Protein chains: 2
Amino acid sequence: MRPSKRGELVQEALRIFYRDGFHATGMDLLSAETGISKTTMFKHFRSKEDLILAVLRLRDEQFRNWLFRRMEQAGPPRAQLFAMFDALGEWFGSPDFRSCMFIKASSEYPDPAHPIHAQSAEHKRLLFTQVEKLAAQAGAKDPAQLARGLLLLKEGAIVTAHLGHEADPAGDAKMVAGTLMADLPA
Amino acid sequence: MRPSKRGELVQEALRIFYRDGFHATGMDLLSAETGISKTTMFKHFRSKEDLILAVLRLRDEQFRNWLFRRMEQAGPPRAQLFAMFDALGEWFGSPDFRSCMFIKASSEYPDPAHPIHAQSAEHKRLLFTQVEKLAAQAGAKDPAQLARGLLLLKEGAIVTAHLGHEADPAGDAKMVAGTLMADLPA
DNA sequence: CGTTTAATGAACCGATCTGTTCACTTTGGC
DNA sequence: GCCAAAGTGAACAGATCGGTTCATTAAACG
């Protein structure tokens, strides 16, 4: 029964923070909705900020695992890059989609020097590294530039799916990605 | 001396909300930093939410005026569309740039049914209409699709400028926009 | 069995939250 | 100079904030 409640708490807090926001979610509500006592929460995390950082670590791992596993199923690198937008489309279609956790975190903690903001930026950096590698494997002349372009489209699609009126931002992004990867070797 | 303090309050509140976030900014701090008494604030706005809605209306007007005025200076429609990314680049370079007010608002009020979220979505809709018109004037075969692509790049660039490590997201976005508009008549 | 560790519930802390009340002062227009 | 509108300051309200304290319970491990 060692660290059982801790993981459960992080998982549930992720769900609730994602749904309602960070500032808008109090520790009392968190305790009430998870059934985990406040005493226990503060035994595992010395502050709300520490809990949020743990939540973001979990989300980073979850999200990148999910995305790249789904991309790998598409086969060769070029197809994998296209598949990123198919995965996004499925995500956008899920009923509890509410944008990107890290964009939300950086919105609520706008100071880049804030640990929560910094850790969110780190997630984006890790994503870039993985996409850049795939772009190189796909034979891009400038893998970094292709990766930057594709990730611009990804972030734009996420924001638009949450805030915009568009029917299929992932599909739109995939089309633009097509013009970007047109000169790639098959 | 009619509605003097009201406008001043909205303007200052815009600055402070943009800098620190909505939930993180209390009405007392707002009163202290603007020098406007809390009594007066609540005489002009019956709630914080009403004030935020007024702030968003002002921001919508300010931002679209600024952006499209700057684009108009670029000359013909095609050049105007490219100029959007130059304008973004200048914005990103300003020392107090902290992402897009409406993305931030939708992050803090994630429920699409919430008035603040809905009004943020309306801003994006207005932007789309204007860009779509320009795309039509530029001779695009599918103006709506071109507008959607360009705005994906715009939103992605904004998020990346705030959260990412990239040196020049506006420049990256402009390059991708170039591949999108390659077949446009000069 | 006994000990340690995890977890609980509820009360409590001071600070801050949105919003109100009220008596007072300033200001502009006639 | 008068009146009405606009603004002020400070206290107040009740709720909630992040975080702590403490006595108690439950369970894993030797």
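Residue numbers start from 1 in every chain, and the chains themselves are labelled A, B, ... in the order their sequence lines are given, proteins ahead of strands. Quantities reported herein were computed from a predicted structural model and do not represent experimental measurements.
Following rounding to the nearest Å, I52(A) (CD1) and dG18(D) (C1') show an atom-to-atom distance of 11 Å. Following rounding to the nearest Å, L30(A) (CG) and dG19(D) (P) show an atom-to-atom distance of 12 Å. Here the C1' atom of nucleotide dA26(D) and the NZ atom of K43(A) are 13 Å apart, to the nearest Å. Protein atom CZ of F45(A) is 15 Å distant from nucleotide atom P of dT20(D), rounded to whole Å. Between the C1' atom of dG19(D) and the NE2 atom of H44(A) lies a distance of 16 Å, rounded to the nearest Å.
Relative ring orientation between H123(B) and F102(B) is described as parallel, the plane-to-plane angle staying below 30° on a 0-90° scale split at 30° and 60°. Note: Y109(B) and H114(B) have tilted aromatic rings, judged against thresholds of 30 and 60 degrees for the angle between ring planes.
Within the structure, side chain to side chain donor-acceptor pair (under 3.5 Å) pairs that include any residue of residues 151-161 of chain B comprise K124(B)-E155(B) (at least two apart or interchain). Residue pairs that meet the ring pair (Phe, Tyr, Trp, His ring centres under 6.0 Å) test with at least one member in residues 135-186 of chain B, sequence neighbours left out, are H117(A)-H162(B), F128(A)-H165(B).
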Sugar-phosphate means primed atoms, P, OP1 and OP2; the rest is base. With that split, encode nucleotides 15-22 of chain C 5' to 3' as B, S or - using protein heavy atoms under 4.0 Å.
--SBBBBB
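Look at T40(B) and you'll find a side-chain N or O under 4.0 angstrom from OP1 or OP2 of dT8(D).
Proximity of E166(A) to L152(B): side-chain heavy atoms (C-beta onward) are nowhere separated by under 4.5 Å. Between Q130(A) and M71(A) there is no side-chain heavy-atom pair separated by less than 4.5 Å.
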